[in-house]
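First up is the structure itself, then whatever we jot down about it.
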Protein chains: 2
Amino acid sequence: MTPTTEPLSTSADVFKALGDPIRWNIVQQMAEVAELPCSTLEETLPISKPTISYHTKILVQAGLISVRKQGRSLFYTLRRDVLQQLVDDIWMLAPEPRPVREGRVDHQAGAGRRRRAGAARAQASATADTADREAVLLTW
Amino acid sequence: MTPTTEPLSTSADVFKALGDPIRWNIVQQMAEVAELPCSTLEETLPISKPTISYHTKILVQAGLISVRKQGRSLFYTLRRDVLQQLVDDIWMLAPEPRPVREGRVDHQAGAGRRRRAGAARAQASATADTADREAVLLTW
DNA sequence: AAGCTAGTTTTATAAACACTGAACCATCAA
DNA sequence: TTGATGGTTCAGTGTTTATAAAACTAGCTT
């Protein structure tokens, strides 16, 4: 059973993973290099080894980082594609509300309209509303 | 004491605010309209009124939404500029690691707090940081 | 005024979270 | 094999979070 049980991390999961100062720090460190040794975290973080393991596990489960094992050492890599996917998710909320369906009124502030380049996200996420997303992208 | 003590919500704070399914749902709802009545949340969310108040308070404190009071009713507005600021923060991590300042360990115990180049975004001008974003896109 | 209504605050509780020491599992080095 | 090392898992602890019932505040409507 549980054949390759997809973690299927939602946006909220990823946000929660990033919503801890320690983990955000880890992610930032990883952004600076291509690969980050686990041992480095022991030196840069003010927490014990088990806690490091605890946090990195959360980041892995959220899909934010991947792990490579070499001997007894671990090396983490930031999943930049997942971050970009996340940016897309947020970005969709940032522009002005869509043309309005349902006669909701109040279209006050008219500023802040902008467009976004290609944003080639691979990763067919399980959101299933990709069509919707594209439509939104086009109407910006 | 505490003269207008800016909450100064960090990225981790904003992420934490978004890292709850209920709150992410609220934010998504607000993205669809210019203003969202609090009463709507009572209908669309499967939680009690006090809990709604609890969650909206968190979103306000994180700076993600603003409130307008009209009579006894409340109306929330998504702070899209804050979201765009958040996108900037993530976006910076997404591209490949910069020029490779060598994989050497320069881990000072002070936690790598290298704020990225000239990102002193005053969160008002929406046009100003557009250039920044484009720049990133181009060097990407 | 009294009564109703939209939200908040208080209080309480069960669950989740962050953290650590101790024990553990691998791998490398003698 | 024995020992040391890099990380994980386990068991326990204190803290934070999400939740709602009850009580409350403020604005409408008679």
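Chain naming here is simple, since letters A, B, ... match the order of the sequence lines and numbering starts at 1 in each.
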Query - Value in whole Å for how far the C1' atom of C:dG7 lies from CG of B:L36 - result: 15 Å

Query raised in the report: Does any nucleotide pair with D:dC28 by Watson-Crick or G-U wobble geometry, both distances under 3.5 Å, and what is it?
Result: none

Query raised in the report: In terms of the nearest nucleotide of DNA chain D, which residue is placed more toward the 5' end: B:K16 or A:C38?
Result: A:C38

Query raised in the report: Does some side-chain heavy atom of A:I47 sit less than 4.5 Å from a side-chain heavy atom of A:L41?
Result: no

Report task. Determine, using the 4.5 Å side-chain heavy-atom cutoff (strictly less than), whether A:Y76 and A:L83 are members of one ILVMFWY cluster. Result -> yes

Report task. Could you check how far CD1 of A:I26 sits from C1' of D:dG7, rounded to whole Å? Result -> 14 Å

Report summary line: Checking C:dA18, D:dT5, D:dT9 against the side chain of A:K57 (C-beta onward), the nearest is D:dT9

Requested in this report: Identify the two heavy atoms, one from A:A12 and one from B:P21, that lie closest to each other, and give their separation to 0.1 Å.
Outcome: CB-N, 4.0 Å

Query raised in the report: Quick one: is A:H55 getting a side-chain N or O under 4.0 Å of the C:dC17 phosphate, OP1 or OP2?
Result: no

Query raised in the report: To the nearest angstrom, how far is A:N25 atom CG from C:dA18 atom C1'?
Result: 16 Å

**Report entry** Atom-pair distance (CD1 on A:I52; P on D:dG6), nearest Å
**Finding:** 12 Å

Query raised in the report: According to a strict under-4.0 Å criterion, is B:R23 in side-chain N/O contact with OP1 or OP2 of D:dA18?
Result: yes

Query raised in the report: Which label fits C:dC28, syn or anti, where anti is any glycosidic angle not within 90° of 0?
Result: anti

Query raised in the report: Can you tell me the Watson-Crick or wobble partner of C:dG3, both distances under 3.5 angstrom?
Result: none

Report summary line: Per nearest nucleotide of DNA chain C, the residue lying toward the 5' end, A:K49 or B:P50, is B:P50

Requested in this report: Using only side-chain N and O atoms of A:S39, determine if any of them is under 4.0 Å from OP1 or OP2 of D:dG6.
Outcome: no

Query raised in the report: Do the side-chain N or O atoms of B:T51 get closer than 4.0 angstrom to the phosphate oxygens (OP1, OP2) of D:dT19?
Result: no

Report task. Check whether any side-chain heavy atom of A:S11 lies under 4.5 Å from a side-chain heavy atom of B:W24, and answer yes or no. Result -> yes

Report task. Grab the two heavy atoms, one from B:R80 and one from B:M30, that are nearest each other, plus how far apart they are. Result -> NH2-O, 3.5 Å

Query - Whole-Å gap separating P (C:dT8) and CD (B:Q61) - result: 12 Å

Requested in this report: From the options D:dT19, C:dC19, C:dT8, select the nucleotide whose nearest atom is closest to the side chain of B:L74.
Outcome: C:dT8

Query raised in the report: When all nucleic acid strands are considered with a 4.0 Å heavy-atom cut-off, which category describes A:S73: base, sugar-phosphate, or nothing?
Result: sugar-phosphate

**Report entry** Backbone N/O of B:E35 and side chain of B:R68: donor-acceptor pair under 3.5 Å
**Finding:** no

Report task. Take the protein atom OH of B:Y54 and the nucleotide atom C1' of D:dA21, then report the distance between them rounded to whole Å. Result -> 17 Å

Report task. Mind calculating the distance between CD (B:Q70) and P (D:dG27) to the nearest angstrom? Result -> 13 Å

Requested in this report: For B:R72 and D:dG27, give me the distance from atom CZ to atom P, rounded to whole Å.
Outcome: 11 Å

Report task. Please determine, for the side chain of B:E42, which listed nucleotide (C:dT20, C:dG7, D:dG7) has the closest atom? Result -> C:dG7

